[in-house]
Amino acid sequence: MADVLVVGSGPGGVNASAPLVAAGHRVTMLDFGNQDRHYAPLIPRRPFQELRRDDPTQHRFFLGDRFEGIPFGPVRVGAQLTPPRMHILRDAIERQPVHTDGFSVSMSLARGGLGAGWSAGVFPFTDEELAESGLSVADLRPHYDAVAERIGVCGDHDDLEGFFPSSPSMMPSLEIDPSSELILERYARERVGLNQTGFFLGRARLAVCTRRHRERGPHEYLDMDYWADLDRSVYRPQWTLEELQRAPNFTYFDRRFVLAFREEPGGVQVRTMHADTGAEETHGGAALVLAGGTLGTARIVLASLGLYDRPIPLLCNPYAYVPTLNLGMLRRGARERRYSLAQLTAILCINGRNRIVQAQVFSYRSLLTFKLMKETPLAYREALRILRVLIPKFAILGIHHEDRPAPGKHCVLRRGEPDRLDVTYHPTDEEERAHAADRRVLLACFRRLGLVPLRTMLPGHGASLHYAGTFPIRPEGDELTCERDGRLRATRAVHLADGSIFPWIPPKGLTFNLMANADRVGTLLARRLA
Amino acid sequence: MSEDRDLEHEARIFTRYLVGRDAPDELVARYRDASRVLLYQPPDAGETAVVEYVRRHAWSLPFLEAASALLRPGSLLRNKVLMMGAILETSPAFAEEFLPRNVSLVALVLRVLASGTAAVVRTIVGAPLLAAASRSHARG
């Protein structure tokens, strides 16, 4: 019997395990653990442009052996999930059926969970953003710092510091591309006026090692970030899992699908099914940490407590993206040395700091031209000729809005073989009007920086993949809320360490925050068990 | 076998259309394989007729594709041309034709104007041709 059972090897699972293992507790991680063993060995450690010019096998990993990288139809959620990343979603929907009314659900049974394809944005919450959970930055700061050191974070001390408190271990930023250099230059000239409007811009803070750190990196600017982890500089939870596996008090069981838990005097029993044989097993521990992803954890909790047909809240940051033409780039050329993740981050404060909107600025270079050709209303030959000269001039904005609980946003577990999660997600008209109005103000600010928006694309509800809010931490609440230490009130020793615990989600990206909270949950649990 | 020959013929027409060169056999075979995996559903008769028309009259492709881009963006013809584009883009022999290029501002403006004008003209010519090609199956 372990001291602590941890479910899931995603950002929450590994970061909750780390302090428990460091404190000497026996930790057993239960995980499905899908990995890509097919494409990763095919991808050479070379820059994207070079590969394109002379690698005869590139079609295998760029398009996939089943041509799964050629998308027809409208833009899908997860378009950045290239064939080598598609294992992240494999088996998840078959094992965990979901019925939705248009809400996109992406769940993962991969080693590293959805974190295996994380875009690596690091956006710590502020006191105002944590207040509803009864937590403060002071509670989380040691854990933000511990996680920043563990995963490796790069960034700059710039105008975003007020929104994203910095970390002592922060490494220098990545080198941005000429398009983003121009945007920053213009921002420096327009800064006073833009700041008065509530618009702030700075370099993206990313979970990327720009120097050698924990046997990873430095980032080599291969521009293959959406395809492979060639230099391991971009953080993936698998890197922490590998570190944990070196500890004698950590045990990792993969190919286990967790069905339910049951509390007994002295501990928790977790029932799993072997992914290959279908054999059921039971694992015991003094405490259980659930970090199976918000929707995965919801299924386990509701099934374990027998709470079928009972709605629980569900949140997900509304998301839009806007291709823009950077007019300043019309006279400049692009560089080949670059990376594919976010270059810049912008924050727009609406009504002071009552509400914020966040945008990330990307360049479109490494996701292949034919995917953009599909989005134009032109014949492909003409689209190709135009895009070849315009792509270096594009800046793509990814825009996130906050999300708060509302009666139209919930999920319910329905009994079946297997059980089915029904997701309903209808933001109010007022919310949707506010998002559209906020985007208009944000795009007006970007126009002042020389970016001409071409089209606003709304990939639909659920597109951000930032699922949260099912069992929120609140100072007081019913059995399906959590205490400050992450313990689910309906239980004695079951703690939650993923997106489930956030009572609302600022438009910042959850992953770094849920990792810091998982580290906090693990640390508190380690003290309690000592 | 006849279907194989049709697919191979299409692949060569689409390659000449997109990049102005002939497709090597290896890429033609890849197009055939991709068609079997991605376009396995029985297509709409009108859309099939448009593709058959292109196979018989390769000169019509720029016009029919331009009109489809506006009027039937998810059509079978568009999907087939896109699929060939993806295959060409991920082949070293043709990758350069798809890689972004740095050009002067004048060259950029000229390129956009010329391609944009060509697209508009072909769309105007292609719209009635598309209607006629779609109906051509009914006439056999």
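Letters A, B, ... mirror the listed sequences (proteins, then strands); counts begin at 1.
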Side-chain donor-acceptor distances from residues 66-74 of chain B under 3.5 Å, at least two apart:
from: B:S68; atom 1: OG; to: B:L64; atom 2: O; distance (Å): 2.7
from: B:R72; atom 1: NH1; to: B:S134; atom 2: OG; distance (Å): 3.0
from: B:R72; atom 1: NH2; to: B:S134; atom 2: OG; distance (Å): 2.9

What donor-acceptor contacts under 3.5 angstrom involve side-chain atoms of residues 446-458 of chain A, with partners at least two apart or in another chain?
from: A:R455; atom 1: NH1; to: A:E375; atom 2: O; distance (Å): 3.0

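Other residues, nucleotides and ligands contribute more than 12 heavy atoms inside 6.0 Å of the CZ atom of B:R36.
The CZ atom of B:R12 sits 14.5 Å away from the CZ atom of B:R21 when rounded to the nearest 0.5 Å.
The residue among A:A383, A:P377, A:G69 with the most heavy atom pairs within less than 4.5 Å of chain B is A:P377. With respect to chain A, the highest number of heavy-atom pairs below 4.5 Å among B:G85, B:S115, B:A107 belongs to B:S115. For the options B:D33, B:V103, B:V120, B:N79, heavy-atom pairs under 4.5 Å to chain A are most numerous at B:N79. In terms of non-hydrogen atom pairs under 4.5 Å with chain A, the most contact-rich of B:V19, B:L99, B:V81, B:L18 is B:L99. The most heavy-atom pairs under 4.5 Å with chain A, out of B:P100, B:P62, B:S104, B:A95, come from B:P100. Contact count versus chain A (heavy atoms, under 4.5 Å) is highest, among B:T90, B:N102, B:L108, for B:T90. When each of A:T376, A:I391, A:I70, A:L387 is scored by its heavy-atom pairs under 4.5 Å with chain B, the top score falls to A:I70.
Shown here are the side-chain contact (heavy atoms from CB on, under 4.5 Å) partners of A:R66, two or more places apart in sequence or in another chain: A:E68, B:V37.
Cation-pi geometry between B:R78 and A:Y380 is met: the NZ or CZ atom falls under 6.0 Å from the ring centre, inside 45° of the normal.
By the 4.0 Å N-to-carboxylate-O rule, A:E175 lies too far from A:R335 to be salt-bridged with it. Classification of A:R338 and A:E220 as a salt-bridged pair fails, no side-chain N sitting under 4.0 Å from a carboxylate O.
Looking at B:L113, neither its backbone nor its side chain comes within 4.5 Å of chain A, counting heavy atoms on both sides. Contacts of A:L384 with chain B are made by side-chain atoms alone, with heavy-atom separations under 4.5 Å and no backbone atom involved. Contacts of A:L368 with chain B are made by both backbone and side-chain atoms, with heavy-atom separations under 4.5 Å.
The backbone N or O of A:K393 lies less than 3.5 Å from no partner atom in the side chain of A:N326, so there is not a single donor-acceptor pair. Put simply, the side chain of A:T324 gets close to the backbone of A:A395: a donor and an acceptor are under 3.5 Å apart. In this structure, the side chain of A:Y364 engages the main chain of A:L367 through a donor-acceptor pair within 3.5 Å.
Interface residues of residues 45-59 of chain A toward chain B, defined by a heavy-atom distance below 4.5 Å and sorted by number: A:Q49, A:R52, A:R53, A:D54, A:D55, A:P56, A:Q58, A:H59.
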